[in-house]
Each structure stands twice: as structure tokens, then as C-alpha cells.
Amino acid sequence: MHSLPANNQHSSLTTALTTCFRREMIVAFRHKGELANPLIFFLMVVVFIPLGISPEKTVLMALAPGMIWVIALLATLLSLDGLFRSDFDDGSLEQMLLSPQPLPWLVLTKILAHWLMTGIPLMLLTPLLGTMLYLPAEGYLPLMISLLIGTGSMSLIGSIGAALTVGLRKGGLILSLVVMPLYVPVLIFGASAVNEAVQGFAYTGQIAILSAMFVSALVLAPFAVAGALRISVNT
Amino acid sequence: MHSLPANNQHSSLTTALTTCFRREMIVAFRHKGELANPLIFFLMVVVFIPLGISPEKTVLMALAPGMIWVIALLATLLSLDGLFRSDFDDGSLEQMLLSPQPLPWLVLTKILAHWLMTGIPLMLLTPLLGTMLYLPAEGYLPLMISLLIGTGSMSLIGSIGAALTVGLRKGGLILSLVVMPLYVPVLIFGASAVNEAVQGFAYTGQIAILSAMFVSALVLAPFAVAGALRISVNT
Amino acid sequence: MLQLNGFTCVRDGEPLFVPLDTVINAGDVVQIAGPNGAGKTTLLRSLCGLFDSCEGEILWRGKPIVGAKHDFLMQLLYLGHHPGVKKSLTARENLAWFAGVNGETGSLDVESALAKVGLAGYADIPCHQMSAGQHRRVGLARLHFDASPLWVLDEPFTAIDKQGVERLEAKIQEHAAMGGTVILTTHQALSLSHYRTIELVKYTEAFHEVRHA
Amino acid sequence: MLQLNGFTCVRDGEPLFVPLDTVINAGDVVQIAGPNGAGKTTLLRSLCGLFDSCEGEILWRGKPIVGAKHDFLMQLLYLGHHPGVKKSLTARENLAWFAGVNGETGSLDVESALAKVGLAGYADIPCHQMSAGQHRRVGLARLHFDASPLWVLDEPFTAIDKQGVERLEAKIQEHAAMGGTVILTTHQALSLSHYRTIELVKYTEAFHEVRHA
Amino acid sequence: MASWQWFHRLGSPKWFYEKTTRWTQVIGWLALAMLSVGIIWGLGFAPAELKQGNSYRIIYIHVPAAAVAMAGYYVMAFSGAVGLIWRMKLSYMVMKCAAPIGAALTFAALFTGAVWGKPTWGDYWVWDARITSMLILFFLYLGVMALQEAYQNQEAADKTCAILSLVGMVNIPIIYKSVDWWFTLHQPATLKLTEKSSIAPEMAYPLILMIFAVYMFFAWLLLTKVRVEILHREVKTQWVKDIVMGVK
Ligand code: HEM
Ligand SMILES: Nc1ncnc2c1ncn2[C@@H]1O[C@H](COP(=O)(O)OP(=O)(O)OP(=O)(O)O)[C@@H](O)[C@H]1O
Ligand SMILES: Nc1ncnc2c1ncn2[C@@H]1O[C@H](COP(=O)(O)OP(=O)(O)OP(=O)(O)O)[C@@H](O)[C@H]1O
Ligand SMILES: [Mg+2]
Ligand SMILES: [Mg+2]
């Protein structure tokens, strides 16, 4: 009586993914103010730099590419902590694990939503930050491209850390610790793409490497996350 | 039968404060790994700066004082999110509010513990970071003194933000937003104490102002926190 | 001891239940009853001052609670849906904190309090290694050393097994017999010999009070 | 349907309870009983594959579950201590997610499912504005539209009022009558006409099973 | 006590709503008139500046916006304080409504300043003390707004925002002083915004008019927003139902 016919298995996967994705978006948009938070964090740190170091144009110009990349990285990192935490606390993570749908796919919808909610807005905000830090005009395009691809990798890689630490009480900082070393290559190539461009060199090489990292993260991370979640729930 | 004689009211306040403080310390030390987290965050960001910006000594030297201060600020901020969150979730915050002891005092023990657990270790770590960023020798003492006092103010001011946002789901980033503008004066005076010292000027003025800010925060913050907690619980 | 005059809790501008007029004396056990969402938890929290969007007044020993806050809190023990037991601490550490924060200065016999709630031998186990019921029992252990006469218990029987429920009922009865007061909610049938039920009625319906035994 | 062969859960290297050997068939209602800390929650989680430090084996339709994971999960509905209801979503959004994630593709009658758990009119209220019992009822509403035959319910009666308990018991009975299987834990007395109790016994004691009705 | 009676009545949203119906209209028309006169005068008739030509005319928006932005914060913090002390609902509504208006004005000042900066300084942005403290003011506003948004429970939102804006108000002088100090420390004052440039009276009069006009506009916007907020929060009361029915 109860079992579903096998032929709608495909359509049920699509349904599951769209419902999951829609849920993430609803949760995010329910608190509209929160959507802006990573952005505001981004902006605030950009304000701290001149306050703490120096407001001079020549100094800031030199810092701009690397600094914006480092701050984007931190903003992504901070927003990652909540990725699975609330699902873990209220039991919906268990329900996801018990879904007949493949877990890596479900996880991917969450990561996608996270990227749309943090990476994209961060990227869109960079022109403003660039202006405030006197980024040379040639830097804007490579900065935005590298951030677009780079934040994708960072959401993917970071979600592994979020999954590994979801069972711990004070995830926040331990998460940073786990994830940061993995972010190093992304940061190096991202920042250097911008630096090269500012100095008038080609930066396609860096972008190519960033893309390659993104693709491998896209293929591997969902499985790692799924595995990590199964372990975290198993207590 | 049940009521306590009035004359041991004073001793019961002392007991309450020591038990509260001891509890904070036990919780912190139970997960020894977590104690190191702000430090590791601190260290990691110091590693990111050369990677993202430039590994050259002249560049880093100029950045060092301001950069270390900005990172210390971020590390404090990140560690603040959990200050009241877990107490809120498990109901012990309610129990604190229902204690016959004055709430601002109880709150103060929590803030004190937070400062001992983050501010002090951060301060102790600065010689290492200074070395890594080529901080000139004259900068070490003012850096440590200003961080010692400054992290105290930051714990106090930040706890207001933590109390205001404890009832929210995703406190983390909104907390940053609320607290960051309030950190501006601390950052300016802290960083400039070090910058002045590096350039060979006196920095006692800055330290005096930092101390004044600390004292006013010490007097006012516990009341603001107590008020904010009462409101957050009231749902 | 506690007197409610036309007291009701307000959410979204509407009273939740028909205003209560009642006096709760020393030695009373009062069950606040009503279906899910009637406002039991809200009422208990208001009594303790944790929720303040209310109408009417509560008098504590003849005075409004606001004026006698410290005195009132000295006499109060509240156990809510979340009992305030920290998971990373052991049962002993949790109880020591409860005692300290409530102003008990004497030494504390944790073992015996835990033994009385069936957790003998669990004193030094972190609470996150306990089952749902054991976790709640740690909170209940407070009843065995706290000297407060007024107990406000929100669903104290949640997750507690049959034997545990019997013991808890016995403890409640003993407390009342010694002149204490207990206000509690539960959806389970109580097997106490003396208690009163106050039924919360939706604001639009009529108010009634049932006295047992 | 589900067959346990010498099955027990292990914590800290020790089995929690005397190994179970039992067969649970279509149409069975099985109550897992035992005092607090006996291992009921752990057992239910192991059945679902959420806890895997176990001894013995579980066969699902004659095959170990590991081999028939997808098939098994298609047929399973698990409601744990935390029911997976997200507080910032409304009841409707929560139920839509449950349905979607469990692979239901058809349209969903949320109103009627909610009405059946006594939450008529609450479909569009965010769950954080609900009382403890209402919150759990949202999770229970799943029982009214999910087609899975195997229900694993960990203390489903927690925080539910008397009328709600009666309705839930009726639903369980109906499900069993239609050939479904229910495995549940509870510390309250069940008033079902047909059910079996499996008593978990500490590893050192003897094992027994009681059959009612 | 008679002197307190008006105060308590002021706390009643219904009383406030009814009393301000006329006032809002008057202030609205006044603001409109002043704004149009000021803008036409400033943009059309005031003489061009010697060095900057016509681009200086942005001052007629920039300076009034900057001036009122600051006042907006004090209105917000003050009404938050009144709300906390006298538990006055209306006061919270004023606080809530002042935040977005103040933030918008701050943004307008920043934006016009940035647009102005490009022709005069060659950069859109300069880390000048005035500008930086304006930016921080903007963040303070955003913090209050984000908190207001994040709480679903209106009461909690009101009270937490009141505390935050009070804490912010204590800090504003400190922030301003420290930022001033930071600026003078780091960078010789190449550009002085603070010193009254010897501005010709023909340029000054429309500017003064515009400052008053923007104050008026602020008042009108605040009143209107508060009135909408009152209707929103009191939907369940009979008098609001009557109004809504009457309007339809
Ligand atoms: C984003 C950039 C800017 C910001 C945030 C900003 C902010 C301010 C503020 C807060 C005031 C004070 C208003 C008052 O006290 O009543 C002000 C006044 C003024 N600003 Fe700007 N400003 C910016 C850019 C500029 C630029 C580029 C210029 C032109 C070169 C400029 C020229 C003036 C003048 C002439 C005044 C009036 C001077 C006075 O009355 O003290 N500002 N601005
Ligand atoms: N995370 C954990 N780590 C270690 N031990 C645990 C953990 N959770 C529970 N235990 C132990 O395992 C045993 C079984 O716990 P379980 O939660 O399964 O009990 P239960 O029968 O569901 O009890 P209850 O009726 O209280 O819900 C308990 O003795 C408990 O102390
Ligand atoms: N945070 C909240 N915001 C708005 N309304 C709420 C909130 N919490 C509860 N309510 C509403 O207030 C009413 C009373 O809730 P309360 O928790 O007091 O009920 P209860 O009697 O304790 O129910 P239960 O038996 O389920 O615990 C419910 O109708 C609920 O929907
Ligand atoms: Mg309740
Ligand atoms: Mg259990």
C-alpha cells in the first residue's frame, strides 16, 4: 500500500531539492536585516583599517586588494557558523539524514543558498569598498571575478568545517581554526589575481586556478560534508 | 522556617559571585581546546596578512600596530557571541534573573571571566605576533598595555551587544554590527598609543584615555547588560 | 501568600485567559490546567516576573511583587521548560551553581540530593552524557536542598519515568505539608491527596475553578 | 518486517541493555519501556541508523538495513526528542519541507493535517510563537500525511494535553490497523487496545517481554 | 496632576493620532514650500562659485542632510529613553520611525559628499574626520534598524533598540572626539570643512533656508511614519477599525 512507485524517484529528488532550497531562502529572507549582516561586517572592517593603520591614500591603495580579500574571507567564515547549527539543534538535521534522497545533494542546496546569500552580495559590494580603499581602476574587474569564484569555493570548503564542528557547543572559533588553512590557497590566488592586474599584468592564470579549485570543491565537498554530518549526529 | 536571616546577605552575595565565577572558569577549561581558539584565530589572521598583501618587511612594519589591534578587536568580537547564548538556551539565564542577588554583579563575573579567557591570552600572545609582523621594539610595551586595558573595555562594551542579541537566532553577525561602532574609540586610542610609541613619542595620554573609557564602561555596562538581559528573556 | 486580582497575561494585545482571582496560601498545591496553548507557561513566567505584559495585579504577602522583589526572589524556586542545567558541567557542578546563585551559603550535600532523584553515582558525569530524563532529574534535585517555600514548576514530570513521578509527587506533598506552596502545570493526572486545579479558560469563555479532595 | 537478533547498543564499551531478539511485523504497535537512562532513545536512533555503536543485527525485510538503506528510509518516519520543526518558519512551511525532503511529490493538504492535530488556523503562524505543546503538534502533523509504514516515535506524548494524547493514540491504532508499524517510547500509560511492550533491562539483569491484550 | 495629564495623554496613540492629523498637513505643506523655494533659489538664482563653478550647488542638499542626520539620532535616542523610563508605547514608535529616516539622511549626506568629492578632491572618498564620523553614525543607525528587524516580538525590539540607541548616544561624543583626534594625529588638515568658509550671503541665505526646510521635512516624514505605525500596531482596536472603515 505505502511504497512509492520507483519511476517517480527522479521527480521526487527534484521536489526535495527545490523544497530544501526554498526553505533556506525563506529562513534567510524572514529576517531581512540579517541578509545585510555580512555586508555590514565587511564595511565595518574596511572602516577599521584606516582608523587603526593610516588614512593615507598611498598606504591604503597598496593594501586594498589583499585587504578586501582577507575581509571577504573573514565575512564568509563568520557566516558559516550557523549553516548547520540551527538544523542540528532543532532536529531537522536528523530528518535530512533520514531522507531517502541522497544527502550530498540536499547539502548542496544549503551551500548554494549560503553562497547566494553571502558570496554574491559581498562581490556586489566590492566596488564600494574598492572606492573607499582607493583601489586602482584596473583592480575592480579581477577583484569581482576572483571573489565570485573564490566565495563559491569558500562556501563549499567552509561547509565541511561547519559540518565537522556542528556537534560542538562553541563551534564559532573552532570552525575558523579548521577552515582557515583550507582557505589559504584560495586567498593566495584570489589576492594575487588582483595584485597582478593592478600592476598591469595578465591574471587569467590565477582565475583559471581559482576555477579549478572551485570545480574540485564542488565535486568533493558535498560528500565530505555528508560524511561529516553523519558523524556529528552520531552521539 | 524558610527565610534566611538578613545578616548573612553580604556573605551570600560573595558566595554567589564566587560560584558564578568558578562555573564560568570550569566551563571554559572543560574544553581546553576552546581556550586556544581566539589565539589561533589571532595567529591565523596574522598569517593571512602577508599572504594576501605583501610579505615585505617594510610594508608589514608599517601595518603591524594597527593590524594587531584590529585583529584583537575581531577576536574579542567573535568570542562574545557565546557569552550569554548557551545560558539563554538551557534556561540558566532565567535562573540568574531569578536569583535574589543583584544581576549586574552576576553579569560582571561573567564578563570578568570572558576577559580573563580572551583578553589576557591575546595580550600575552602579542610579542609573538609582533615578531611575525616586524613590530619595532618600542612598540611592544604600549601594545601590551593598551591591549590589556582595551580588551577589558571591549569585553564590557561587547557584552551589552551580546545581551541585546541573545534572544535572536543568528546573533553572530548582528552582534558585530551593533558593537563595532562602539569599538571605534577604543581602537583609535589603542592603535595610536602604539603608533606614537613607535615614532618615539609619549603615549601616556592615550593610555590615560583608554583607562578612563575602561572605568566608565566598568561602571555603566553591567547595568545596561542586566537591563538588556531582562528584556531578552521576556518573550 | 500570593494573591491574584483580575490577573491575566496579554499577547498581541489580547488577554490569553479569563482573569484569575485567587489566593494561594502556604501549604497549597495548585495545578494550573488547560489545553496546549492555554497560557500556563506564560502565567507561571509572569508570576516569577519573567514576563511582564500582563493585566491585573499580583500581591505577595499583601504587597505588589515589584516592591518586594528581593524578598520574593529569596523565597522562589522556578523550574521551567528548560531547567537551567548546563550540559558541559557535571551534576555536582550544576547543583553547586544553583545553590550559590540562590544565595545558599551553607555546605551542600549533592550526593544525597542526587540519590533522592534516582541519580546516585551520577554526580560527576557531565550532563551531556545523560538521557533526557536524567537531565531533567538534575534540575529536580534542587527541590531537595533549596529552602525556598514557593515552588513554581512548569511540567516537572516531562521525560520522567513512573517511579520518578511517584517520588516527585511525594516530595511535593511533603513540601506542602511543611508549609510550602507549589504551583505546577502538567498534562498528566496527579495522584496527590490534596491539591487544587485552576483551569485556564480562553478569554471568551467562562471562568471556573475546581477544588479536589 | 523488522527483526532484531541479539541487538543492543554500546556506550563506553558496555552494552546498555540485555540484547533483544524480537520480530516486529506489519500491524504491530511496540512500546519500548524502561526507566530513565535505560537506552530507549539510543535504541530508536540505532534502528534508524542515527547511532551505530551497536552489537547484534537488525534485518529489514530479511536484509541487513545497511544494504537496503534507500528502501528502508523510504518507509521510515522518525520523530525524536527534537522533532525538526524550525522556529522561524510557519507550520505550513515546516510541513512542506518535511514532505519534500521525504520525497512526497503530490500536493499537500496542510490545513487538514493541522486540523487533525488541533492546530486549525495556525498554518501561517511562525512556530516560535507557539506554546511547547503546539510546537510538538506541528511535528506530529506529519503522521497525517506521510505515507511511510514504519513509525518510530520517541516520547510523542511529551507536552501534549489530554485530548491531544487521545487523538494521537487513535491515530496510532488506525495506522496499525491499516498494516503500519509503530515503535514508540513513553512513560505515560498507553490506553491502546493492542500493543506489545519491550522492557529494556540493564545488561546485568534478566530479559523479559510482556505481551498485552 | 494637571501638568502630567497632557503627558499621559500624549502617551496615548489614539490621542496623538487625532491631534496630529491637522499638524501633519500643515507641516507637510510648509516643508514642501520651503524646499521648493530653497531649491529654486539655491540651484537657480544663487551665484556660481569662483573656483568650483556650479558643482558647489550640491551644498544645498549636502549640508542640510548632514545637519539633520545628526539631530535625528538624538530624536531617536531621546524617545527611546522616554519609552524606557515612562513605558510609553508612542515614544517607542517615534524611535522606531526615526531610525530609517535618520539613516536615509545620513546616506544622503554621504552620497552627495562623495559625488561632490570627485570634482573637488579627485576621489570619491577621503578618510577625513567629519566624513568618517558620519559613516560611523550611519552604522549606528543601521545597528538599531537591524535589531528592530531581527526581533519579531515588538516589545522586545522596542526596548532593546532603546537601550542600544542610548548606549550609542553616550558614545557619540566620544566617537566624534576620538575620530577628530585621530584625524589631526594622522594627517595634516589639508581640507577644512569645519571652518566657515567666507561664504557670500547670497549663497548663505538659501542654505539656511534649506536647513530649516529639511528639518521641516524630517518632522513631516517622522509624523507620517509614526501615524502609519500607530495604525499598524493598533489594528485590533475599535478606533482604528472605525478609521479604516471610514476611509473605505
Ligand atoms: C562623503 C563625503 C562627505 C561627508 C560624509 C560630509 C559630511 C559633512 C558633515 C557631517 C557636515 C556638517 C554639517 C553641519 O555641521 O551642519 C558637512 C558640511 C560641509 N561639507 Fe561635507 N561631507 C562630505 C564631503 C564633502 C565634500 C567633498 C565637500 C566639498 C569640497 C564638502 C563640503 C562641505 C561644506 C562646505 C560644508 C559646510 C561647512 C560647515 O558649515 O561647517 N563635504 N559635511
Ligand atoms: N551522548 C552521550 N554520551 C554518553 N552517554 C550517553 C549519552 N547520551 C546518553 N548516554 C547514556 O546512555 C544511556 C541511555 O540513554 P538514553 O537517552 O537512550 O536513555 P532513555 O531510555 O531514552 O532515557 P529517557 O527515558 O530519560 O529518555 C544513559 O544511561 C545515558 O547516561
Ligand atoms: N513567543 C511567543 N510569541 C507570541 N505568542 C506566543 C509566544 N509563546 C507562546 N505564544 C502563544 O501564547 C499562548 C500561550 O502559550 P503558553 O506557552 O503559555 O501555553 P501553555 O499553556 O504553556 O501550553 P503548553 O501546554 O503547550 O505548554 C499560545 O497560544 C501561544 O500560541
Ligand atoms: Mg507550557
Ligand atoms: Mg529518551
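As the structure is a computational prediction, the values presented were derived from the model and not from experiment.
For the atom pair CH2 (D:Trp97) and OG (A:Ser99), the distance works out to 8.5 Å, reported to the nearest 0.5 Å. Distance check: A:Gln95 CD to D:Lys86 NZ gives 11.5 Å after rounding to the nearest 0.5 Å. Note that the CG atom of D:Asn102 and the OG atom of A:Ser12 stand 10.0 Å from one another [nearest 0.5 Å]. From A:Ile26, atom CD1 reaches atom CG of D:Leu89 across 6.5 Å, with rounding to the nearest 0.5 Å. One distance of note links CG of D:Leu73 with CD of A:Gln101; it measures 10.0 Å at 0.5 Å rounding.
Applying the ring-ring contact (aromatic ring centres under 6.0 Å, His included) test to pairs two or more places apart or on separate chains, those with a residue in residues 27-69 of chain D are D:Trp60-D:Phe72.
For the pair A:Arg230 and D:Asp52, the salt-bridge criterion is not met [side-chain N within less than 4.0 Å of a carboxylate O]. In summary, A:Arg22 and D:Glu93 do not engage in a salt bridge, as defined by a charged side-chain N under 4.0 Å from a carboxylate O.
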Checklist entry - Can you check side chain to side chain contact (heavy atoms under 4.5 Å, CB included) on A:Glu94 and D:His82, steps first, answer last? => result CA-CA 9 Å; A:Glu94 282 169 12; D:His82 296 282; 5.7 Å; no
Next on the checklist: Before you tell me yes or no, could you show the steps for D:Arg45 and A:Asn234 under side chain to side chain contact (heavy atoms under 4.5 Å, CB included), namely the whole-Å CA-CA distance, both residues' side-chain angles and the distance that decides it to 0.1 Å?
Outcome noted: CA-CA 9 Å; D:Arg45 290 175 66 88; A:Asn234 204 322; over 6 Å; no
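In this structure, no portion of D:Thr41 lies under 4.5 Å from any heavy atom of chain A. With a 4.5 angstrom heavy-atom cutoff, D:Val85 touches chain A only via backbone atoms. In this structure, chain D has a heavy atom under 4.5 Å from the backbone of A:Asp89, while its side chain stays farther away.
Counting heavy atoms of neighbouring residues, nucleotides and ligands inside a 6.0 Å radius, atom CD of D:Glu57 exceeds 12 of them.
Across every non-hydrogen atom of A:Ala16 and D:Val101, the tightest pair is CB-CA, 4.2 Å. Taking each heavy atom of A:Pro100 and D:His70 in turn, the nearest pair found is O-CD2, 2.9 Å.
By the 4.5 Å heavy-atom criterion applied to side chains, D:Leu76 and A:Leu98 are counted as neighbours. Using a 4.5 Å heavy-atom cutoff, the side chains of D:Lys87 and A:Asp90 are not in contact.
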Could you tabulate the donor-acceptor pairs under 3.5 Å formed by side-chain atoms of residues 207-217 of chain A, not counting sequence neighbours?
| residue | atom | partner | partner atom | Å |
| --- | --- | --- | --- | --- |
| A:Ser211 | OG | A:Ile207 | O | 2.7 |
| A:Ser216 | OG | A:Ala212 | O | 2.6 |
| A:Ser216 | OG | A:Met213 | O | 3.4 |

